[in-house]
Peer 1: 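One structure, as structure tokens, below. Some questions next.
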Amino acid sequence: MALSAREVALNCLIACEKQGAWSDGYLRNAIRQAGLDGRDAGLCTRLVFGVQQNRLLLDWYLTRFSSVKPEKMELPVRGALRLGLYQLLFMDRIPVHAAVNESVALTRKRSRNPRSAALVNAVLRTVERERKEGLPQPEELSVRYSHPEWLVRELTNAVGPEEIEALLAADNGEPPIQAQVNTLKATTEETAAELTAAGVTVRPHPWLPDCLELEDTGNLEGLDAFQNGTIYIQDAAARLAVLAAGPEPGMAVLDACAAPGGKSFAAAIAMGDSGSICSCDIHPHKQALIEQGARRLGIHSITAAVMDGKAFDPELAGRFDLVIADVPCSGLGIIRKKPDIRYKDPEPLGGLPGVQRAILENVSRYVRPGGVLLYATCTLLRRENEAVVSWFLDKDTNFTLEPFTLPGHVGASEGMVTLWPHRHGTDGFFFAKLRRTR
Ligand SMILES: C[S@@+](CC[C@H](N)C(=O)[O-])C[C@H]1O[C@@H](n2cnc3c(N)ncnc32)[C@H](O)[C@@H]1O
């Protein structure tokens, strides 16, 4: 029998907890396999993201209103309760009976314990009754915004105590879908008209040229504008990083950590598809991703290759006008788009600055004298950002920070900038522009 939106959502929540799956990747396949239409796909995605964004808060309520502690529940029961609770507390348009009955039905279908359905029914009905009187609110930011304590500490160190709450709230917001226009193929006006005719709601980005914010896209990758390569999906922050580096027609560019290719595409479009971009990644299977994207966008200047950014290749020394090091990082700037990041084990993150320093130091040798090195991450932690750049500058006196100016209220920078979801409405992003002097 075909799965409902709620059951696909439940399966996704279970896979995230049990196998450490990523909800966006899981949903892409599961929604297709279940054959959900656009409306159900939207509901399913909203349920999964909503639960993941509010999981600690939902469990805080479960602890108060359930006779069984959430950590003692079977995974399907805990998942069905979180789904029901999320609908009651955050989705005004879902009738209470639907939120409760659907969770009870899922529990009956998926739990091994015949008493679980009664538990789910009782908890959800109690919460609904208490909600009318006013539910208690947790004091701790960690619970209120469902960011584990270690993460609240890290982000407070990064942004300061005055802004931490605004940042956590922005992490739980719904980011706009930002499409960058492939101006090699069409103007922004033509693209906006094509998307509008396809029923998409289109708004020009408030301050980034050739960027459109989209709503009501349905299956985005099925749109003609996507299929024929007039748009690609990229956050404003990621494109700004490339613009800061100043790619120009005819340049030789190395994108050292390139997959799936977004920075390479932005550079190729800014360069009018003239010059050359060598787009490398350490993982062989990702080479095809870059090639497919370039083909779809009709870009000829990109060549994809497999390369370890940490390992020196003497053939590349001093060859490039611009080297982009968009290094692997903790990704704590893109929690709005990947809500599960917050629940991953933080321990392996400690090793990242070492990898980032090694890549930056190695690929710096590929920049020609007078050329530019761009260091970028999608995280907000100083140890992966400013500290890596400072370490590099202290060590290598051939490079200096170069000031740049970006559109909108990002404005002028002395050479390093952090973009913040709550301040700029972008992904959290860091980049530094370094000029090789000798
Ligand atoms: C932040 S992502 C890059 C995103 C990409 N620049 C874009 O804009 O679409 C980092 C990439 O670095 C790759 N990577 C990790 N370690 C690497 C290494 N030692 N050398 C080259 N690439 C590496 C990962 O496979 C991943 O695709």
Side-chain angles (χ1 to χ4, degrees), residues 22 24-25 178-180 182 208 211 229 231-245 247 253-271 277-297 299 302-313 316 320 322-335 337-338 341 344 348-349 351-366 372-381 384-385 388 418-419 426-433:
W22 291 92
D24 53 345
Q178 295 181 333
Q180 308 300 332
N182 178 5
L208 181 61
C211 174
I231 55 169
Y232 68 103
I233 304 305
Q234 181 178 55
D235 193 87
R239 191 163 142 241
L240 283 172
V242 176
L243 296 183
V253 176
L254 171 69
D255 187 355
C257 303
K263 310 275 175 328
S264 292
F265 305 151
I269 293 167
M271 289 158 59
I277 302 181
C278 181
S279 304
C280 300
D281 203 278
I282 194 167
H283 296 298
H285 70 277
K286 293 190 176 181
Q287 185 177 348
L289 278 181
I290 303 170
E291 285 164 350
Q292 273 162 22
R295 207 174 310 123
R296 184 178 63 78
L297 293 164
I299 291 171
I302 289 178
T303 309
V306 177
M307 187 179 80
D308 180 357
K310 299 190 296 304
F312 183 56
D313 178 350
L316 302 184
F320 295 95
L322 167 61
V323 172
I324 300 172
D326 185 21
V327 294
C329 72
S330 55
L332 300 181
I334 54 169
I335 292 178
K337 291 185 182 152
K338 284 185 162 278
I341 287 180
K344 301 287 179 192
L349 306 185
L352 284 167
V355 175
Q356 293 156 346
R357 286 195 296 263
I359 293 177
L360 181 63
E361 183 178 29
N362 181 50
V363 303
S364 71
R365 297 187 274 182
Y366 303 152
V372 168
L373 174 59
L374 182 82
Y375 177 78
T377 72
C378 57
T379 192
L380 298 167
L381 303 187
E384 296 182 55
N385 294 342
V388 172
T418 303
L419 299 177
T426 61
D427 281 347
F429 224 84
F430 170 86
F431 44 95
K433 180 180 186 179

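All ligand and atom numbering here is 1-based and tracks the order in the structure. Atom set for the values below is all heavy atoms of this structure, side chains included, hydrogens, waters and symmetry mates excluded.
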Peer 1: Only heavy atoms of Met307, strictly under 4.0 Å: list the atoms of ligand 1 that pass.
Peer 2: 20 (N), 21 (C)

Peer 1: Minimum heavy-atom separation for Ile334 and Asp427, please, with both atom names.
Peer 2: CG2-OD2, 3.4 Å

Peer 1: Within a strict 4.5 Å, meaning less than it, do heavy atoms of the Tyr232 and Leu297 side chains meet?
Peer 2: yes

Peer 1: How about Ser330 and Leu381: do any of their side-chain heavy atoms sit closer than 4.5 Å?
Peer 2: yes

Peer 1: Is there a donor in the side chain of Gln234 and an acceptor in the side chain of Arg239, or the other way round, less than 3.5 Å apart?
Peer 2: no

Peer 1: Do Lys263 and Asp326 sit within salt-bridge range, that is, some charged N less than 4.0 Å from a carboxylate O?
Peer 2: yes

Peer 1: Can you tell me the protein heavy atom closest to atom 9 (O) of ligand 1 and the distance?
Peer 2: Gly262 N, 2.9 Å

Peer 1: For atom 20 (N) of ligand 1, find the nearest protein heavy atom and state the residue, atom name and distance (0.1 Å precision).
Peer 2: Gly309 N, 2.8 Å

Peer 1: Enumerate the atoms of ligand 1 whose separation from the nearest heavy atom of Ala256 is less than 4.0 angstrom.
Peer 2: 21 (C), 22 (N)

Peer 1: Taking salt bridge (Lys or Arg N to Asp or Glu O under 4.0 Å) as the test, write out the residues that go with Lys338, two or more places apart.
Peer 2: Asp24

Peer 1: Nearest protein heavy-atom contact for atom 13 (C) of ligand 1: which residue, which atom, what distance?
Peer 2: Asp281 OD2, 3.2 Å

Peer 1: Could you find the nearest protein heavy atom to atom 8 (O) of ligand 1 and give me its residue, atom name and distance?
Peer 2: Lys263 NZ, 2.8 Å

Peer 1: Considering only heavy atoms, does Ser264 approach ligand 1 within less than 4.0 Å through its side chain, its backbone, both, or neither?
Peer 2: neither

Peer 1: Heavy atoms only: which of Ala266, Ala238, Cys257, Ala311 is nearest to atom 12 (O) of ligand 1?
Peer 2: Cys257

Peer 1: Which heavy atom of Ala304 sits nearest a heavy atom of Gln287, and at what distance?
Peer 2: O-NE2, 3.2 Å

Peer 1: Between Thr377 and Gln356, do the side chains contain an N or O donor and an N or O acceptor separated by less than 3.5 Å?
Peer 2: no

Peer 1: With a heavy-atom distance limit of 4.0 Å, tell me whether Val327 approaches ligand 1 through its side chain, its backbone, both, or neither.
Peer 2: backbone

Peer 1: Grab the two heavy atoms, one from Leu349 and one from Pro353, that are nearest each other, plus how far apart they are.
Peer 2: O-CD, 3.7 Å

Peer 1: Cation over ring, Arg365 on Phe312, under 6.0 Å and within 45°?
Peer 2: yes

Peer 1: Atom 15 (C) of ligand 1: which protein heavy atom is closest, and how many Å away?
Peer 2: Pro328 CG, 3.5 Å

Peer 1: In the protein, which heavy atom is nearest to atom 10 (C) of ligand 1, and how far is it?
Peer 2: Asp326 O, 3.5 Å

Peer 1: List ligand 1 atoms under 4.0 Å from Ile359, heavy atoms only on the residue side.
Peer 2: 18 (C), 19 (N)

Peer 1: Check whether the side chains of Ser264 and Asp255 place a donor and an acceptor atom closer than 3.5 Å, and report yes or no.
Peer 2: yes

Peer 1: Can you tell me the protein heavy atom closest to atom 14 (N) of ligand 1 and the distance?
Peer 2: Ile282 CG2, 3.7 Å

Peer 1: So, regarding Gln234 and ligand 1 (criterion: nitrogen or oxygen to nitrogen or oxygen, under 3.5 Å), is there a contact or not?
Peer 2: no

Peer 1: Counting each atom of ligand 1 from 1 as listed, which ones have a heavy atom of His283 under 4.0 Å away?
Peer 2: 25 (O)

Peer 1: Check each atom of ligand 1 against the heavy atoms of Pro260 and keep those under 4.0 Å away; list them by number with element.
Peer 2: 9 (O)

Peer 1: To the nearest 0.1 Å, how far is atom 19 (N) of ligand 1 from its closest protein heavy atom, and which atom is that?
Peer 2: Asp308 OD1, 2.9 Å

